[in-house]
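For this chain, numbers begin at 1 and follow the sequence in order. Only this structure's heavy atoms are used, side chains among them; waters, hydrogens and symmetry mates stay out. We count ligands from 1, going down the list as the structure has it; atoms in each ligand are counted the same way. Here the structure is a predicted model, which is why all the values come from computation and not from measurement.
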Amino acid sequence: MAVDYQSLAVRGVQALSPYQPGKPIEELARELGLEPSGIIKLASNENPLGPSEKALSAARNALSELCLYPDGNGFDLKRALSERYGVNPDQITLGNGSNDVLEVIARCFADSDAEVIYSQYAFAVYPLVTQAIGARGVSVPARDWGHDLEAMANAVTDRTRLVFVANPNNPTGTVHTADAIEAFLERIPERVLVVLDEAYCEYLTGDEYPDGVRLLSRFPNLIVCRTFSKAWGLAALRVGYSLSSPEIADILNRVRQPFNVDTVALSAATAVLSDEDYLVRSREVNAAGLIQLADGFDRLGLSYIPSVGNFIAVDVGEKAGAVYQSLLSQGVIVRPIGGYGMPGHLRVSVGLPEENARFLEALSTSLNESGQGV
Ligand SMILES: *Cc1c(COP(=O)(O)O)cnc(C)c1O
């Protein structure tokens with residue numbers, strides 16, 4: 001008799017739907033019979049500048065070592081991170097993207113009896129890693145599209161092991177001030193770990209925003225997660241990390257795969273940390289692009305969620321599916337976020353000025369086609 005393997009999967013996994021990535025350029029090119037060069041992708045919050053030259057040359061140099069296992073301790077990268085952020089190398093846990101670190105944290109600290117708290121409209125990976133280990137996810141209703149930190153603190157029970165906070169949040173682009181995050185951390189018992197996901201922190205300028213690293217000494221239950229995928233422009237290489245107490249890092253290291261970051265990725269990430277010009281340009285292009293997109297939405301009469309990330313969620317209404325398809329047919333890939341419970345919004349990543357302009361023009365055409373033009 002045939003075995004029903006569905007029923008053999010652990011219960012959380014049975015109910016799981018896989019993470020929906022942005023549509024790859026190559027895939028749309030095949031579907032439309034277009035050249036990939038004619039397509040723009042503003043769907044995965046990637047850095048529109050292309051990789052840093054310093055990172056590229058370090059990656060090339062690392063190729064001669066492909067026959068060797070990587071440095072499982074990531075010595076050089078940890079040293080570079082520790083110098084940049086003023087932490088000890090033993091506070092750093094490297095991951096195959098910060099996604100990997102988020103999953104390792106969940107596996108280390110939660111089991112099927114645990115509750116894990118996150119916000120409505122927060123990053124999709126939090127419910128994913130929670131369900132995969134059979135823990136109970138507690139999604140706290142958002143406030144003005146952002147985390148309701150007070151309600152999240154109130155949701156803590158005896159069973160709570162973890163709270164995920166994305167600051168800034170993806171896909172809404174909302175952010176909390178340093179004061180708000182500190183007040184929140186004060187309210188969380190020390191036996192509950194708080195994961196502060198700062199994937200977009202490099203885009204923040206201004207003293208009012210928190211720097212998770214500076215909070216580590218005051219809050220022993222804090223884990224700060226960061227990534228090289230966004231402002232540092234290395235999404236393909238999969239490098240992220242967490243900063244925490246050495247004690248927590250030691251626990252994470254037991255579960256982390258020993259060679260989870262490869263040699264090319266380690267080399268490129270180490271090199272890009274010294275490319276300050278690249279980071280500055282990333283910020284400048286992003287800040288200008290956010291304004292360009294917001295102005296464009298204003299002209300089209302569309303509302304959007306003001307964002308501090310490298311993306312904006314724009315409200316195109318009931319026909320968002322048709323608008324998305326029409327954009328695709330014009331060679332523009334953005335991200336539908338119905339899976340986040342935001343069926344009327346599309347998330348668009350900030351591109352180069354000409355890409356943003358082309359997207360806005362395509363959007364205007366799409367809205368006219370779907371009868372939503374103003
Ligand atoms: C993009 C993103 C990440 C990072 O993903 P990587 O695995 O490092 O590429 C983490 N958290 C949030 C909120 C993100 O948007």
Student: Does a salt bridge link R214 with E182, judged by any charged N lying under 4.0 Å from a carboxylate O?
Tutor: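 No, R214 and E182 are not salt-bridged.
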
Student: Check the pair Y118, F123 against ring-ring contact (aromatic ring centres under 6.0 Å, His included), reporting the backbone distance first and the verdict last.
Tutor: CA-CA 9 Å; Y118 39 78; F123 189 41; over 10 Å; no

Student: Among Y241, W232, F228, Y200, which residue places a heavy atom closest to atom 15 (O) of ligand 1?
Tutor: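 Shortest heavy-atom distance from atom 15 (O) of ligand 1: Y200.
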
Student: Looking at ligand 1, does G240 have a heavy atom less than 4.0 Å from it?
Tutor: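 It does not, in that no heavy atom of G240 comes within the 4.0 Å cut-off of ligand 1.
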
Student: Aromatic ring centroids of Y69 and F259 under 6.0 Å?
Tutor: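 Under 6.0 Å, so yes.
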
Student: Got an N/O contact under 3.5 Å between D197 and ligand 1?
Tutor: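 Between D197 and ligand 1 (N or O atoms, distance only) the closest approach is under 3.5 Å.
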
Student: Do D250 and R254 meet the salt-bridge criterion of a basic N to acidic O distance under 4.0 Å?
Tutor: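 So R254 pairs with D250 through a salt bridge.
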
Student: Could you tell me whether R143 and E150 have a side-chain N and a carboxylate O separated by less than 4.0 Å?
Tutor: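 No, no charged N to carboxylate O under 4.0 Å.
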
Student: Please state which protein non-hydrogen atom is closest to atom 1 (C) of ligand 1 and give its distance, to 0.1 Å?
Tutor: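 For this ligand atom, the closest protein heavy atom is K230 NZ, 1.2 Å.
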
Student: Which atoms from ligand 1 have a heavy atom of N170 less than 4.0 Å away?
Tutor: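 This gives 13 (C), 14 (C), 15 (O) as the contact atoms.
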
Student: What atoms of ligand 1 come closer than 4.0 angstrom to any heavy atom of A199?
Tutor: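 Listed by number with element, the hits are 2 (C), 3 (C), 10 (C), 11 (N), 12 (C), 14 (C).
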
Student: Which protein non-hydrogen atom lies closest to atom 4 (C) of ligand 1, naming both residue and atom, and how far is it?
Tutor: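 Ranked first by proximity to atom 4 (C) of ligand 1 is S98 OG, 3.0 Å.
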
Student: Among all the protein's non-hydrogen atoms, which is closest to atom 7 (O) of ligand 1, and how far away is it?
Tutor: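 Its nearest protein heavy-atom neighbour is R238 NH2, 2.7 Å.
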
Student: Are the side chains of I333 and F359 in touch, meaning some heavy atoms are under 4.5 Å apart?
Tutor: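 Result no, sub-4.5 Å side-chain heavy-atom pair not found.
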
Student: Check this for me, if you would: do E115 and R161 make a salt bridge, where the nitrogen-to-carboxylate-oxygen distance has to be below 4.0 angstrom?
Tutor: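 Judged by the 4.0 Å cut-off on N to carboxylate O distance, E115 and R161 do not form a salt bridge.
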
Student: For ligand 1, is any non-hydrogen atom under 4.0 Å from S229's backbone (N, CA, C, O), its side chain (CB onward), both, or neither?
Tutor: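 S229 to ligand 1: side-chain contact only, backbone stays beyond 4.0 Å.
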
